[in-house]
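In each ligand, atom 1 is the first atom listed, and ligand 1 is the first ligand listed.
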Amino acid sequence: MRITLFSLAAALVAPAESFFVVQCYSRLFDQRADPVVSPGIAAGHVHTISGGNGFNVTMDFAKARSSKCSTCNIKQDLSNYWNPKLYFKAQNGSFLSVPIIGDQGGDLGGMAIYYLFRGDKLRPFPPGFRMLAGDSSKRKETDDFAGRAVSFKCVGVDATDHKGLPKTKCNQIRAQVTFPSCWDGKNVDSADHKSHVVYPATGNYDGGTCPSSHPVQLITLFYEVYYDTKGFKNLWYGDKQPFVFSNGDATGYGYHGDFVNGWDEASLQKGITTCSDGKADCEKRAFGTLREQGEAQACKLPSMIDEKVSGVLPALPGCNPVTYGPAPTTQQANCAAPKLNLKASPAAMGYVDLTKSKGFKYIGCGKDIAGQRTLNTAQISGNDMTVEKCVDFCKSKNLAYAGLEYSGECYCGNNVAADRAPISGSVGNCLMKCSGNTNQVCGGAGAISLYQSCKGGACSNAVKRESRRLSALELANAGSVDA
Ligand SMILES: *[C@@H]1O[C@H](CO)[C@@H](O)[C@H](O)[C@H]1NC(C)=O
Ligand SMILES: *[C@@H]1O[C@H](CO)[C@@H](O)[C@H](O)[C@H]1NC(C)=O
């Protein structure tokens, strides 16, 4: 089941102000990655990361533009957007990851990115542009524009903007961060990833006159993330609110957002021109057909650090202590650096090469729907599922396709409908480990790992490719059924 909250959020912006929204239905992954602040190494804390799948621990504008899919809905936008991940600190000391609305049954939810037009002569983000809003080390309330730019709503309880994390129980917490919009007109980045842009000199954090040092008026970016906090209401204890961000911030004042531009510049300019009319639904008029939610959900990256960041954790990844302020925190020293695993080889991604041993090749991650199975001729399931077991079963029935789903389910059939086939260039939402072999991947929720019989020469393409290491994208490209 998929839900969309973003249309609800759009109603909260006054109609007179023109804007458009990039709806990021899903995330690439949650990972200790941050190509802006910590390029090439594991970041200090876990981020929830949306946008184009060109994302990597080191990346530039060309990498962003080379994305083959995005978790967000405007096709001309291959930018990346991220925030720290939220946890609940339980009374026994464990940290429980807090779902973002849309996280369910193996799917990942996302965020809404508002492109607010404040001021005249807005220019689109230039190639290579990136920036950071907020301060991870901050633990006290301030009333400057940077302080006002970070706030929280206690959805279902009150309509106020809370400066820090709400102190009462909320059904949902909506985290909000507004980026500075006045640019120096020269630098696409700066040493602290902030000083090339500033908040307006007059007015407020989200609109006003730019200072002469930073005269170029950009679009005002505003990120919104809904955390599903309802399920934690019975677990509160003591006299403090129990939520804490991945950077150890229990105040909320250290919440922040990162942006790496991946826009086609002319398209963004068209968005500004078209959506300046302030009329509803301008995204379609400016950008044409938008990416469907299911396609955005299927855009995923394989884990780059073998580290558990969701579920029940004994500590926050990156050795971040929980801090309550008001003193700023410093990054923990002496925290063992985890090993990065950037090789998106089939084995690293849990796909099994059975072309030689069993005459079946991996063709990608397709879509499935309970009640209307993609492969519906035969099936088995169990707590001991492996790719070999499923392929052997489908082979014994003389069927051309074997599909693994939701860790322990195996389906067989003789064809895959076009609308269920793997999407070319997208790695897909098959990220669950097999119930009988945790080194292998067996689909996901509504996502099926598909293997095809080599009969009739179907594997010749794959066999040729075996001689070199496949990148994640090549693998997914090789996976399109009509390739
Ligand atoms: C601590 O409490 C939470 C919430 O009740 C629970 O989910 C978790 O499993 C507990 N941790 C341990 C280590 O038992
Ligand atoms: C990330 O970058 C590394 C190093 O350039 C590369 O080997 C790897 O394939 C990239 N990962 C993805 C998922 O593209």
Exercise for review: Check for a donor-acceptor pair, side chain of R27 on one end and backbone N or O of T48 on the other, with a separation under 3.5 Å.
Suggested key: no

Practice item. Output every pair passing side chain to side chain donor-acceptor pair (under 3.5 Å) with a member in residues 34-43, not counting sequence neighbours, ordered by first then second residue. Key: none

Practice item. May I ask you to check whether the SG atoms of C390 and C442 are separated by less than 2.5 Å? Key: no

Review point. Should F152 and Y255 be marked as a ring-ring contact (aromatic ring centres under 6.0 Å, His included) after you check the CA-CA gap, both sets of side-chain angles, and the distance that decides it?
Key: CA-CA 10 Å; F152 301 89; Y255 190 67; 5.6 Å; yes

**Study point:** Min N/O separation N56 to ligand 2 under 3.5 Å
**Key:** yes

**Study point:** Plane angle bin for Y223 and Y81 - parallel if under 30°, tilted between 30 and 60°, otherwise perpendicular
**Key:** perpendicular

Considering only N or O atoms, set out every pair between ligand 1 and the protein closer than 3.5 Å, with distances to one decimal place.
unit_1: ligand 1; atom_1: 2 (O); unit_2: N92; atom_2: OD1; d: 3.3
unit_1: ligand 1; atom_1: 2 (O); unit_2: N92; atom_2: ND2; d: 2.4
unit_1: ligand 1; atom_1: 11 (N); unit_2: N92; atom_2: ND2; d: 2.9
unit_1: ligand 1; atom_1: 11 (N); unit_2: S94; atom_2: OG; d: 2.9

**Study point:** Note: D306-K339 ion pair, threshold 4.0 Å (strictly below)
**Key:** no

